[in-house]
Amino acid sequence: MNTTIEKTVGEIVAEDYRAAAIFAKHGIDFCCKGNTPISEACDKKNIEMEAVMEDIYKLTSNTTDQMSEYNTWSAQKLIDHIEEKHHRYVEEKTPVILQFLDKLCKVHGQRHPELYEVFQLFKQSAADLSQHMKKEELILFPLIRNLSAELTADDQNRTLRSGTVQSPIALMMHEHETEGDRFREIEKLTDHYRVPSDGCTTYKVAYQMLQEFVQDLHLHIHLENNILFPLAANMEKELLN
């Protein structure tokens with residue numbers, strides 16, 4: 001990995017996704033705010049940039065991790081992966097987590113009133129993500145697939161197009177930012193998913209599921225914001241030139 005302080009957080013993670021764990025350790029958002037230069041991200045968190053850079057440079061000792069291959073995938077392969085893995089994950093896990101959080105509120109809500117807010121935040125996220133994924137699957141992703149098909153077609157078979165992909169991408173990124181803010185609030189309310197001393201097994205499982213959900217969402221958003229969307233924008237630019 002050729003890392004410089006001018007690179008953005010998202011670019012560094014796109015080169016090697018293992019860097020995501022390093023940014024997470026230092027509290028740096030690599031998905032929703034992935035367009036922030038690493039120097040600026042460290043300044044905002046009052047973190048010594050040298051410490052972060054040292055951790056990142058250690059990744060160069062092993063560059064065979066499969067995660068680093070995402071930025072070599074085609075747009076079609078990325079979309080298929082996002083739909084089959086991350087969209088289906090959200091659809092499967094949200095009703096289960098909602099059920100657990102509802103139970104926690106009923107059993108522990110009186111002693112831990114923050115659970116009610118966590119439940120409402122996640123409930124809103126579940127509804128918004130459902131609509132968000134439909135917009136991607138029905139509008140944005142077909143547009144990107146069409147761009148890919150246009151690029152592989154003969155010049156005489158290409159359809160004259162005007163820019164169409166930038167607006168839906170901007171909307172999806174704005175909605176990603178909303179989810180990032182929401183889950184940062186959940187993380188704060190749960191004290192970084194720390195189970196209180198009087199927490200039962202359901203408490204532990206619910207928090208573990210929440211933490212796994214947000215980890216998957218971070219990767220999900222990273223693949224779109226930092227890899228798929230720039231790829232789509234470049235494809236459209238190539239077609240219009």
Side-chain angles (χ1 to χ4, degrees), residues 9-10 13 17 19-34 36 41-47 52 82-137 171-225:
V9 173
V13 176
Y17 186 73
I22 293 171
F23 289 129
K25 182 180 75 173
H26 292 283
I28 295 173
D29 186 348
F30 68 87
C31 60
C32 298
K33 298 187 182 297
T36 304
C42 290
D43 286 343
K44 287 182 178 179
K45 289 288 184 176
N46 293 318
I47 297 169
V52 179
I82 289 166
E83 289 184 340
E84 293 166 9
K85 183 178 188 300
H86 298 291
H87 283 197
R88 300 297 85 80
Y89 178 91
V90 171
E91 291 170 351
E92 292 171 5
K93 296 298 182 181
T94 48
V96 179
I97 296 174
L98 284 169
Q99 184 179 8
F100 270 76
L101 290 176
D102 182 48
K103 183 177 180 180
L104 281 188
C105 288
K106 291 174 180 176
V107 176
H108 296 276
Q110 188 172 0
R111 293 189 304 277
H112 299 284
E114 72 278 0
L115 289 171
Y116 294 112
E117 191 170 354
V118 171
F119 180 45
Q120 289 305 317
L121 284 167
F122 188 82
K123 187 176 181 180
Q124 186 61 57
S125 176
D128 288 352
L129 281 172
S130 177
Q131 292 302 310
H132 175 87
M133 293 187 302
K134 285 180 182 178
K135 283 182 280 189
E136 288 184 335
E137 293 182 6
L171 176 60
M172 294 302 98
M173 291 185 70
H174 174 72
E175 293 181 359
H176 289 167
E177 182 73 21
T178 298
E179 290 307 316
D181 291 341
R182 186 175 280 145
F183 278 96
R184 278 188 288 275
E185 183 62 23
I186 289 176
E187 185 177 33
K188 185 188 302 182
L189 288 165
T190 60
D191 191 21
H192 302 278
Y193 308 102
R194 191 188 310 276
V195 178
S197 58
D198 61 340
C200 61
T201 299
T202 299
Y203 219 127
K204 295 175 184 177
V205 172
Y207 272 23
Q208 182 179 3
M209 292 179 69
L210 265 179
Q211 193 167 17
E212 290 173 353
F213 186 92
V214 75
Q215 288 170 350
D216 183 85
L217 190 62
H218 281 166
L219 175 54
H220 178 177
I221 293 175
H222 162 69
L223 291 177
E224 294 182 359
N225 280 12

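Any value given below was found using the heavy atoms of this structure, including those in side chains, with hydrogens, waters and symmetry copies removed.
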Taking distance alone, no hydrogens or angles, what donor-acceptor pairs closer than 3.5 Å link side-chain atoms of residues 92-102 to residues at least two apart or in another chain?
| from | atom 1 | to | atom 2 | distance (Å) |
| --- | --- | --- | --- | --- |
| T94 | OG1 | V90 | O | 2.9 |
| D102 | OD2 | K106 | NZ | 3.2 |

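For E91, the side chain to side chain contact (heavy atoms under 4.5 Å, CB included) criterion is met by R88, M133, not counting sequence neighbours. K45 is linked by a side chain to side chain contact (heavy atoms under 4.5 Å, CB included) to I28, I47, counting only residues two or more places apart in sequence or in another chain. In this structure, the salt bridge (charged side-chain N to carboxylate O under 4.0 Å, His left out) partners of D128, at least two apart in sequence or on a different chain, are R182.
T202 places none of its side-chain heavy atoms less than 4.5 Å from the side chain of V107. Between E187 and V214 there is no side-chain heavy-atom pair separated by less than 4.5 Å. A heavy-atom distance below 4.5 Å is found between the side chains of V52 and F23.
To the nearest 0.5 Å, atoms SG (C105) and CD (Q120) are separated by 8.0 Å. Rounding to the nearest 0.5 Å places CD of E224 at 4.5 Å from CD1 of I82. Distance check, rounded to the nearest 0.5 Å: CD1 of I186 to NZ of K188 gives 12.0 Å. The distance from atom CG of D43 to atom OG1 of T36, rounded to the nearest 0.5 Å, is 11.5 Å. Note that the CD atom of E179 and the CD atom of Q124 stand 8.5 Å from one another [nearest 0.5 Å]. Expressed to the nearest 0.5 Å, how far CG of L217 lies from CG of L210 amounts to 11.5 Å.
Residue pairs satisfying the ring pair (Phe, Tyr, Trp, His ring centres under 6.0 Å) criterion with at least one member in residues 184-204, sequence neighbours excluded, are listed as follows: H108-Y203, H112-Y203, Y203-Y207. Residue pairs meeting the salt bridge (Lys or Arg N to Asp or Glu O under 4.0 Å) criterion with at least one member in residues 108-124, sequence neighbours excluded: R111-D198.
Around the NZ atom of K204, the shell of radius 6.0 Å holds no more than 12 heavy atoms that belong to other residues, nucleotides or ligands.
Looking at H87 and E136, their side chains do bring a donor and an acceptor atom within 3.5 Å of each other. A donor and an acceptor atom, one from each side chain of H176 and H220, are nowhere located under 3.5 Å apart.
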